[in-house]
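Order of appearance sets the numbers: ligands from 1, and atoms from 1 within every ligand. What you see is a predicted model; the values in this text were computed from it and never measured.
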Amino acid sequence: MSKATGSGEFALIREFFASGFPRNKHTRLGVGDDASIVMPPAGCDLLQSIDTQVADVHFPATAPAHLIAQRALRCAASDLAAMGAEPQGFHLALTLPNAEYEWLADFASGLRDAAHELDLDLLGGDTTSGPCLVISIQVQGWAPAGSALTRASAQIGDDIWVSDTIGRGALALPQVLENPAQFSGLARHYYFPQVQTPLGIQLRDLATSCMDISDGLLQDAGHIARASGVTLELNATAIPTIAERTDSRWLQCITGGDDYQLLFTVPAARRKEAEALRDEFSGIARIGKVIAHNGEDVLLQEEGRPLELPQHNGYQHF
Ligand SMILES: Nc1ncnc2c1ncn2[C@@H]1O[C@H](COP(=O)(O)OP(=O)(O)OP(=O)(O)O)[C@@H](O)[C@H]1O
Ligand SMILES: Cc1ncc(C[n+]2csc(CCOP(=O)(O)O)c2C)c(N)n1
Ligand SMILES: [Mg+2]
């Protein structure tokens with residue numbers, strides 16, 4: 001397979017990453033210098049997050065390069081959506097086992113498409129050789145000062161909501177591992193997780209807490225519970241899952257991860273406002289309520305009776 005034109009790391013950066021990305025008006029200096037320069041709008045907080053994806057841990061190494069890029073940027077951008085940020089830009093750190101021209105061209109084309117859709121300017125990065133493909137993406141954006149959503153302020157009595165169906169990524173995984181190039185049905189959700197930026201922005205004035213579900217609904221619900229010092233009581237039959245409650249794969253849906261849907265809490269007194277969001281975000285569903293901490297961080301109920309929580313409630317690296 002051919003190598004990047006010109007030779008070496010710098011030709012590769014020039015060819016694939018120096019142009020073709022959205023140009024954000026707040027970017028003073030992007031790819032090419034020792035650091036990027038960005039001028040945030042007055043009165044806004046800067047929000048930043050970093051996400052790493054490793055070949056054969058987060059995606060199959062043999063997946064098409066444009067799909068790997070799409071997925072990596074979307075998963076990273078999801079953390080901005082979770083906090084209600086308006087996206088601004090990203091830095092890309094790439095570790096590559098080799099520099100094959102066709103692979104890089106395909107990767108850069110997927111990355112550009114995702115960047116345009118998500119409104120993220122490529123601000124800079126770092127490119128190295130290494131034993132396996134690793135993609136680290138730092139994303140940043142802003143929100144009016146003090147308005148960003150966090151995991152820490154869920155209140156007793158709040159309703160618990162999710163932005164859409166849970167479990168698509170988890171149930172896609174066996175298919176994707178079997179055929180990494182397949183890109184239909186559930187595999188679409190695995191490679192193109194829906195980034196909930198518009199919903200996150202609307203929730204700034206409505207939700208008391210919010211996060212994106214990357215590791216599994218049950219485990220991630222525990223993060224809001226611990227950060228807020230409350231218990232999240234989930235109603236099993238109210239959770240919109242891709243496999244029905246009676247399906248043997250239901251548990252995989254709520255523990256498997258790779259959803260990138262939002263989990264958020266809204267005061268019960270504002271339930272009608274949350275329901276009205278359905279005009280624009282038809283998938284949102286009310287799945288439980290926040291109660292005083294009672295020893296457990298998360299409770300799963302069905303028709304008023306507690307369900308035993310599985311030992312494995314979400315993805316952990318170690
Ligand atoms: N090596 C690290 N050094 C400092 N902080 C870290 C490190 N790893 C994780 N964190 C912080 O710990 C918190 C939880 O990290 P985690 O990666 O689980 O975030 P997440 O949004 O739940 O998951 P995802 O990685 O899927 O976005 C975040 O605030 C993150 O910034
Ligand atoms: C090939 C392959 N095997 C397994 C998985 C499942 N998986 C890996 S990491 C993760 C949680 C999010 O990661 P992080 O917490 O690092 O952001 C999940 C659900 C996958 N996506 N691809
Ligand atoms: Mg997150």
(message) Give me the nearest non-hydrogen protein atom to atom 16 (O) of ligand 2 as residue plus atom name, then the distance to 0.1 Å.
(response) His317 NE2, 2.7 Å
(message) Could you tell me if Ser153 and Thr208 have a donor-acceptor pair between their side chains, going purely by distance under 3.5 Å?
(response) no
(message) Suppose the cut-off is 2.8 Å; how many protein N/O/S atoms fall inside it around the Mg ion (ligand 3)?
(response) 2
(message) Taking the basic N atoms (NZ, or NE/NH1/NH2) and the acidic carboxylate oxygens, is any pair closer than 4.0 Å for Arg271 and Asp159?
(response) yes
(request) Looking only at protein heavy atoms, identify the closest one to atom 19 (C) of ligand 2 and say how far it is in Å. (result) Gly256 O, 3.2 Å
(message) What I'd like to find out is whether the side chain of Arg74 reaches to under 4.5 Å of the side chain of Tyr260, using heavy atoms alone.
(response) no
(message) Is there a polar contact between ligand 2 and His58, counting only N or O atoms under 3.5 Å apart?
(response) yes
(request) Starting from atom 8 (C) of ligand 2, locate the nearest protein heavy atom and write down its residue, its atom name and how far away it is, to 0.1 Å. (result) Val57 O, 3.1 Å
(message) Between Ser163 and Gln261, do the side chains contain a donor N or O and an acceptor N or O under 3.5 Å apart?
(response) yes
(request) Specify side chain, backbone, both or neither for Gln316, according to which of its non-hydrogen atoms lie closer than 4.0 Å to ligand 2. (result) neither
(request) Examine the proximity of ligand 2 to Phe59 and report which part, side chain or backbone, both or neither, has a heavy atom under 4.0 Å away. (result) backbone
(message) Please report whether the ring centroid of Tyr190 lies less than 6.0 Å from that of Phe183.
(response) no
(message) For Gln138 and His91, which I'm curious about, is there any donor-acceptor pair between the side chains at under 3.5 Å?
(response) yes
(request) Under 4.0 Å from a heavy atom of Asp51: give me the atoms of ligand 2 that qualify, with their elements. (result) 17 (O)
(request) With sequence neighbours excluded, give me every side-chain hydrogen bond (donor to acceptor under 3.5 Å, both in side chains) pair touching residues 308-318. (result) Gln219-Gln316
(message) Testing Asp164, Leu149, Val195, Leu203 one by one against Leu262 for a side-chain contact (heavy atoms from CB on, under 4.5 Å), which residue passes?
(response) Leu203
(message) If the condition is ring-ring contact (aromatic ring centres under 6.0 Å, His included), which residues does His26 pass it with, not counting sequence neighbours?
(response) Trp142
(message) Name the residue from Ile50, Val38, Asp121 that meets the side-chain contact (heavy atoms from CB on, under 4.5 Å) definition with Gln140.
(response) Val38
(message) Does ligand 2 come near enough to Tyr190 that some N or O of the ligand is less than 3.5 Å from an N or O of the residue?
(response) yes
(message) Is it true that Asp126 and Thr128 share a donor-acceptor pair across their side chains at a distance under 3.5 Å?
(response) no
(message) Less than 4.0 angstrom from a charged side-chain N to a carboxylate O is my criterion; do Glu275 and Lys272 meet it?
(response) no
(message) If only side-chain N and O atoms count, and only distance matters, is there a donor-acceptor pair under 3.5 Å linking Ser228 with Ser209?
(response) no
Quick check for students: name every N or O atom pair between ligand 1 and the protein closer than 3.5 Å, with distances.
| residue | atom | partner | partner atom | Å |
| --- | --- | --- | --- | --- |
| ligand 1 | 21 (O) | Asp79 | OD1 | 3.1 |
| ligand 1 | 21 (O) | Arg151 | NH2 | 3.2 |
| ligand 1 | 22 (O) | Arg151 | NH2 | 2.9 |
| ligand 1 | 23 (O) | Ser214 | OG | 3.4 |
| ligand 1 | 25 (O) | Asp51 | OD1 | 3.3 |
| ligand 1 | 26 (O) | Ser214 | OG | 2.7 |
| ligand 1 | 27 (O) | Asp79 | OD1 | 3.3 |
| ligand 1 | 27 (O) | Asp79 | OD2 | 2.7 |

(request) Work out whether the distance between some heavy atom of Ala170 and some atom of ligand 2 is less than 4.0 Å. (result) no
(request) State which residue, out of Leu232, Thr241, Ile287, fulfils the side-chain contact (heavy atoms from CB on, under 4.5 Å) condition with Leu217. (result) Ile287
(request) Return yes when Leu177 approaches ligand 2 closer than 4.0 angstrom through a heavy atom, no otherwise. (result) yes
(message) Suppose we measure from atom 21 (N) of ligand 2 to each protein heavy atom; which comes out shortest, and what is that distance?
(response) Asp258 OD2, 2.8 Å
(message) Heavy atoms only, cut-off 4.0 Å: how does Gln53 contact ligand 2, side chain, backbone, both, or neither?
(response) neither
(request) Measure the distance from atom 11 (C) of ligand 2 to every protein heavy atom, then report the residue, atom name and distance (to 0.1 Å) of the closest one. (result) Asp215 OD1, 3.1 Å
(request) Return yes if a side-chain donor-acceptor contact under 3.5 Å exists between Glu117 and Gln70, otherwise no. (result) no
(request) Mark up the atoms of ligand 2 that fall under 4.0 Å of a heavy atom belonging to Arg71, in ascending order. (result) 21 (N)
(message) Taking atom CZ as the centre, does Arg23 end up with more than 12 heavy-atom neighbours from other residues, nucleotides or ligands that are less than 6.0 angstrom away?
(response) yes
